[in-house]
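Inspection log for the structure reproduced underneath, given as structure tokens.
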Amino acid sequence: MRVADPVWDDLVSAALVGTGRRPAAELPAQDALGTLAARVDRADEAVRLLDLAAIVMVHRRAGRRAPAGAPPAPCAEVDTRPSVPGRARARLRILLEGDGMDFLPEWLALARAAGLRAPESELPALLTAARSRTDLREIVADLAGPRGRWLAGLNPEWAWLTRIAVPEPDDPVELWRHGRFGERLAAFEALRTDDPDAARGLLTRVWSAEPAEDRAVWVAALGTGLSASDEPFLEEALDDRAKVVRVAAARLLTELPGSAFAARMRERALACLRPGGAGRMLVVPPSGCDAAMRRDGIAETSPTGREDHSWWLGEIVAATPLAVWREVFGAGPEEIVARVLPRRFAEDVRDGWARAAVLQRDVGWARALAGRGAPTRLLTVLPAAECAEHVARHIAAHGLSEALQLLTNCPAPWPATLGDAVLDALASAAEGGGYPWSFSGARDVAGRGLDPAVVDRVEHLAAGDGEWPKAFRALADTLHYRATMRAELLDN
């Protein structure tokens, strides 16, 4: 919770309203802060406000004496994991200070893989960095461990960590009742693993008192141990007053092929798509969006700029269990997506299939759609090696000009097939007289994705003078930096 500070709040209010309408209030003169504030020049109220803000900010950061008789704060739990070696600790400090933030995710992943804990001296900066980098929060929470959770309980700016799941609790029911949000989430997931129905019963008792944002998280947590028994609860959640809750409920109901939701979507899908003869597909989009469709999470007005009926079509396809299409067309994903679609609706249908493949984690459909102009997020469904091979083939056929998004979806470090394809494409661009700055984006991504072991080949490409050798030398420097970073973390 935020600690109340009336003095600071008054300054913020004066700044928002304007000093012409509301000058900053006088500070009590009986303490050191008030004595110093009384010496601020009053010639210009706006300048006085800024001076007071500077003084109060320093005063806030300087801390305060603990109240007499206050019980001592509990100590953090002991983290038995080894801390990172000294050189790696110094490297982390450099990364957190902004010199190489692009490499921070890799440093964190390597540290976690090595079973290390974050150094205590860098925890404040690490927690602050993850406050604005939501993609780092899960791994930072893991590396910070119990000491990080202890710190987060003392500083409202790090409250995000209290919403991250904690290790499996000893008494999940007690933690569910009295813990902080992250602890309650961990307890709920543990309960869902052991007894899904009992966990859902606990949630039902407190449901109406939970904030909308939290209700959406609880709905998503029902994905652990999801079964047909959860359908009545999720159906009720479709009527929730908060859209985020309704969307989360619809998403889970999609994963229950035998649910009434899936049956409703199947009925709509069958009215929209069916065989059109001779390898073609007949597409009939919905003519309107009725109350039942809106309840099932389909917006009445398209937010994409496309025609409303095209939007409704895509939403229905995205929410329909993919097994329905095998039933309709009597074929697998490859044969289905190869059918000719009307040009007017082809994008909507394929995008709907792609969203369904990602949501349902269907590798077969992702494999069939990848490379047909479908969204690059399909690559996240494919196994890492297959994802890399797909992108390598794309680069070999089309070069690097349209491969940036594809490359960013490939887990690093890239396998040899993808690394060779990227370096071959860069070498071909250099030999063909292309401008190196036209490939700066691909080079930057390659610096983070290539295995540092290929640095010898990059240095060979860097031989000579000119802009391309200069660009390859920069790439080689990046790979050397990452190799050094890895060595530091593995230094025992």
side-chain hydrogen bond (donor to acceptor under 3.5 Å, both in side chains) against [X], all qualifying residues, sequence neighbours excluded:
X	result
R344	E307, H309
R268	D296
R339	none
R361	none

Inset, instruction - Apply salt bridge (charged side-chain N to carboxylate O under 4.0 Å, His left out) to the pair R149 and E183, showing each step before the final yes or no. - result: CA-CA 10 Å; R149 295 192 293 274; E183 295 169 333; 5.9 Å; no
So, using ring-ring contact (aromatic ring centres under 6.0 Å, His included) as the criterion, who are the partners of [X] when residues are at least two apart?
X	value
H398	H394
W160	none
F329	none
W468	F439, F472

Inset, instruction - Kindly write out the residues that satisfy side chain to side chain contact (heavy atoms under 4.5 Å, CB included) with T484, not counting sequence neighbours, or none if the list is empty. - result: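 Only R91, E488 meet the side chain to side chain contact (heavy atoms under 4.5 Å, CB included) criterion with T484.
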Give a yes or no on whether the backbone of [Y] and the side-chain of [X] come within a donor-acceptor separation of less than 3.5 Å.
X	Y	value
D308	T301	no
W311	A299	yes
E106	F103	no
R295	L238	no
W150	E77	no
Q360	T320	yes
E97	I94	no

Under 3.5 Å, which donor-acceptor pairs do the side chains of residues 440-455 form with other protein atoms, sequence neighbours left out?
from: S440; atom 1: OG; to: W437; atom 2: O; distance (Å): 3.1
from: D451; atom 1: OD1; to: A453; atom 2: N; distance (Å): 2.9

Legend entry - Non-hydrogen atoms of R473 and A462 that approach each other most closely: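 Here R473 and A462 meet closest at NH1-O, 3.1 Å.
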Inset, instruction - Compare every heavy atom of V245 with every heavy atom of R215, then report the nearest pair and how far apart it is. - result: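 Shortest heavy-atom contact: CB-CG2, 3.7 Å.
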Sequence neighbours left out, cut at 3.5 Å: what donor-acceptor pairs do the side chains of residues 129-137 make with other protein atoms?
from: S132; atom 1: OG; to: A129; atom 2: O; distance (Å): 3.3
from: R133; atom 1: NE; to: D135; atom 2: OD1; distance (Å): 3.0
from: R133; atom 1: NH2; to: D135; atom 2: OD2; distance (Å): 3.0
from: R137; atom 1: NE; to: A130; atom 2: O; distance (Å): 3.0
from: R137; atom 1: NH2; to: R131; atom 2: O; distance (Å): 2.7

Legend entry - Interatomic distance, L490 atom CG to M485 atom CE [nearest 0.5 angstrom]: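 One finds 10.5 Å between CG of L490 and CE of M485.
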Which side-chain N or O atoms in residues 381-389 pair as donor and acceptor under 3.5 Å with protein atoms at least two apart or in another chain?
from: E386; atom 1: OE1; to: R367; atom 2: NH2; distance (Å): 2.9
from: E386; atom 1: OE2; to: R367; atom 2: NE; distance (Å): 2.5
from: E386; atom 1: OE2; to: R367; atom 2: NH2; distance (Å): 3.4

Legend entry - Greater than 12 external heavy atoms within 6.0 Å of H460's NE2: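 Open: at most 12 neighbouring heavy atoms sit under 6.0 Å from NE2 of H460.
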Legend entry - Atom CZ of R457 with >12 non-hydrogen neighbours under 6.0 angstrom: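 Atom CZ in R457 is crowded, with more than 12 foreign heavy atoms closer than 6.0 Å.
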